[in-house]
Protein chains: 2
Amino acid sequence: MKLAALVFPGFELLDLYGPLEMFGMLREEATISVVAEQTGAVPSTQGPKAFADSSFDSGGSYDLLLVPGGLGTRREVDNQALTGWLRQAAEQAKLVTTVCTGASLLARTGLLDGRKATTNKAAFRWVETQGPAVKWQAKARWVEDGKYFTSAGVSAGMDMALAAIARLFDLEKARAIARYAEYRWSEDSGDDPFAEVHGLV
Amino acid sequence: MKLAALVFPGFELLDLYGPLEMFGMLREEATISVVAEQTGAVPSTQGPKAFADSSFDSGGSYDLLLVPGGLGTRREVDNQALTGWLRQAAEQAKLVTTVCTGASLLARTGLLDGRKATTNKAAFRWVETQGPAVKWQAKARWVEDGKYFTSAGVSAGMDMALAAIARLFDLEKARAIARYAEYRWSEDSGDDPFAEVHGLV
């Protein structure tokens with residue numbers, strides 16, 4: 001299985017690396033590529049840089065996609081090189097996952113239209129405007145609709161990634177990975193206290 | 001405040017980036033350097049590479065240190081360039097934090113001798129051998145002893161980082177960061193179900 005994780009300047013660190021920790025434990029089953037518009041170092045919102053080893057021009061196809069959010073999404077929603085790559089990669093993939101405001105990028109491809117999805121709770125109203133035909137769910141830790149798994153903000157990506165692993169393999173494998181990471185997996189996708197914290201419900 | 005995050009080949013992704021997400025929200029108060037033996041791309045246990053912008057020779061001094069674990073620690077405990085850098089950096093720092101098996105590297109500097117500390121629960125017995133004079137605590141999400149904050153495995157680093165922020169600033173700031181990250185912070189350092197899961201208690 002080939003996984004591509006998208007990065008862009010201003011991605012959110014934990015949106016990317018929380019899920020990659022979980023997916024990365026599929027050592028025998030998955031290899032991870034970090035993909036950006038250009039290869040090389042790509043700064044996060046927090047400062048530390050990811051290293052992208054593939055670019056939009058590399059031409060690979062992937063089974064599994066991971067799209068993080070972060071402040072950079074405000075700019076990247078208008079980057080047609082990014083949304084163009086994302087659209088074709090998502091059409092080919094078996095499973096497409098977004099974390100936090102990463103949903104805004106996928107929404108701009110049109111592929112979420114008519115589907116249920118969720119996103120960061122503090123930035124919910126902005127993300128809604130990026131996909132008016134998406135059925136945005138305010139109270140959800142993550143949402144599964146067909147091959148699209150979208151999660152709430154930042155740390156919710158870890159819960160979502162484990163749910164994706166449960167879908168791709170089985171529940172016991174996801175639980176074993178959570179145990180190894182000493183992570184308390186919230187297995188209930190509806191268990192989301194942050195919708196209320198941020199005044200959405 | 002200057003924070004240095006140590007990386008080495010085979011570091012664990014979430015050990016590094018979970019705490020850096022939390023510390024990285026101190027945007028006005030902290031700048032983050034990623035430090036390795038040599039600058040450039042450094043592969044994680046999971047595959048994706050960190051980008052180190054400083055090296056052991058760069059000569060900076062730091063207020064706050066973050067030492068992740070990962071499979072690479074098994075080799076790096078014998079890397080005297082690493083433990084030498086870590087010892088002098090830790091002596092100068094106001095606060096020194098380790099995640100998971102990162103405690104083995106700090107233990108090898110001798111600075112934890114006589115102090116309470118914790119580490120990954122699956123690798124607990126190995127880490128103990130790296131610091132026979134350390135008072136290792138089996139059941140702890142994280143342990144604070146003076147300026148040393150050591151955490152249990154992988155995701156425990158996020159709880160520990162928030163505790164370090166509470167110490168450096170105040171509890172409300174740590175809680176606000178957890179809310180922004182939609183993270184359920186376990187504020188009780190003794191709340192550790194994984195010691196039992198891994199047969200340590």
Quick one: of B/Asp192, B/Val197, B/Leu20, who has the most non-hydrogen atom pairs under 4.5 Å with chain A?
B/Leu20

Verify the neighbour count for atom CD of A/Glu196: are there more than 12 heavy atoms of other residues, nucleotides or ligands below 6.0 Å?
no

Provide the closest heavy-atom pair for B/Val34 versus A/Pro48 in the form atom of the first, atom of the second, distance.
CG2-CB, 4.0 Å

Taking everything shown except B/Lys116 itself, do over 12 heavy atoms lie less than 6.0 Å from its NZ?
no

Most contacts with chain B, counted as non-hydrogen pairs under 4.5 angstrom, among A/Ile32, A/Asp15, A/Val42, A/Leu16:
A/Ile32

Under a 4.5 Å cut-off applied to non-hydrogen side-chain atoms, are B/Lys49 and A/Asp53 in contact?
yes

Might you confirm whether atom CD of A/Gln38 has over 12 heavy atoms from other residues, nucleotides or ligands at distances under 6.0 Å?
no

Heavy-atom donor-acceptor pair, B/Glu182 side chain to A/Gly153 backbone, under 3.5 Å
yes

In this structure, NZ of B/Lys121 is separated from CZ of A/Arg179 (nearest 0.5 Å) by 15.5 Å

Can you tell which part of B/Asp191 gets under 4.5 Å to a heavy atom of chain A, answering side chain, backbone, both or neither?
both

CD of B/Gln46 to CG of A/Leu26, rounded to nearest 0.5 Å, is 10.5 Å

Heavy-atom pairs under 4.5 Å with chain A, option from B/Gly24, B/Ser155, B/Ala122 with the top count
B/Ser155

Gap between atom OH of B/Tyr180 and atom CZ of A/Phe194 - 0.5 Å precision
13.0 Å

What is the distance from atom CG of B/Leu13 to atom CE of A/Met22, rounded to the nearest 0.5 Å?
11.0 Å

With side chains defined as the heavy atoms from C-beta onward, is the minimum distance between B/Arg184 and A/Ser186 less than 4.5 Å?
yes

Only pairs of heavy atoms separated by less than 4.5 Å count here; which of A/Gly40, A/Ala41, A/Ala30 has the most with chain B?
A/Ala41

Hey, is the main chain of B/Leu14 close enough, under 3.5 Å, to the side chain of A/Glu21 for a donor-acceptor pair?
yes

